[in-house]
Amino acid sequence: MAIPDTFTEAQAELILSLADVRATDSCASAERLLQEWTPARFTEPQAVCIREMLALEAGELKATLVDAMEPCALRLRLLAMGPQTGH
C-alpha cells in the first residue's frame, strides 16, 4: 500500500472514526463519509489509501496508520496500545 502523504493527527482521528463506522454500521456508511470528507479533509490519493486501509483488520489498520501519520499524541497512544483493536 502506497502512502501518498503523511496523515495529520486530525486526519488519523477521522480514519479511526471511519473504521469504527465500518465495524459497527456498514462499509457503505464509511464510504459515504469518506466521500463527504474528500477533498476538504483528505486528498484524492489519501482517500484511495484510506479505502485500502479500511479493508485491513483493526490491528493492521492501526499499525499502518501509525506508520503513515505525523508524530503526535495520538500516534504515541496507538504505539503504546500495541496491536489491540480499540482506540
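It should be emphasised that the depicted structure is a prediction, and the values quoted were computed from it without experimental measurement. The chain is numbered in sequence order, starting from 1.
The hydrophobic cluster containing Val48 does not contain Leu18, counting ILVMFWY residues as joined when their side-chain heavy atoms lie under 4.5 angstrom apart, directly or transitively. By the criterion of side-chain heavy atoms lying less than 4.5 angstrom apart, applied directly or through intervening Ile, Leu, Val, Met, Phe, Trp or Tyr residues, Met81 is grouped together with Phe7 in one hydrophobic cluster.
Arg51 pairs by the salt bridge (charged side-chain N to carboxylate O under 4.0 Å, His left out) definition with Glu31, not counting sequence neighbours.
Looking only at distances, a side-chain donor or acceptor of Arg75 sits under 3.5 Å from a matching main-chain atom of Val66. Side-chain atoms of Glu70 never come within 3.5 Å of backbone atoms of Thr8 as a donor-acceptor pair (strictly under, hydrogens ignored). When atom types are taken as modelled, the side chain of Arg22 and the backbone of Leu54 share a donor-acceptor pair closer than 3.5 angstrom.
Distance check, rounded to the nearest 0.5 Å: OG of Ser17 to CG of Leu34 gives 12.0 Å. The distance from the CD1 atom of Ile15 to the CG atom of Asp20 is 12.5 Å, given to the nearest 0.5 Å. The CD atom of Gln11 lies 12.0 Å from the CG atom of Leu74; values are rounded to the nearest 0.5 Å. A distance of 12.5 Å separates CD1 in Ile50 from OG1 in Thr64, rounded to the nearest 0.5 Å. Going from atom CG of Leu33 over to atom CG of Leu14 covers 9.5 Å, rounded to the nearest 0.5 Å.
Within a 6.0 Å radius of CD in Glu57, other residues, nucleotides and ligands contribute 12 heavy atoms or fewer.
Counting all heavy atoms, side chain and backbone alike, Val21 lies closest to Ser29 at CG1-CB, 3.7 Å. Taking every heavy atom of both residues into account, Met69 and Thr6 meet most closely at C-CG2, 3.4 Å.
A heavy-atom distance below 4.5 Å is found between the side chains of Glu44 and Thr38.
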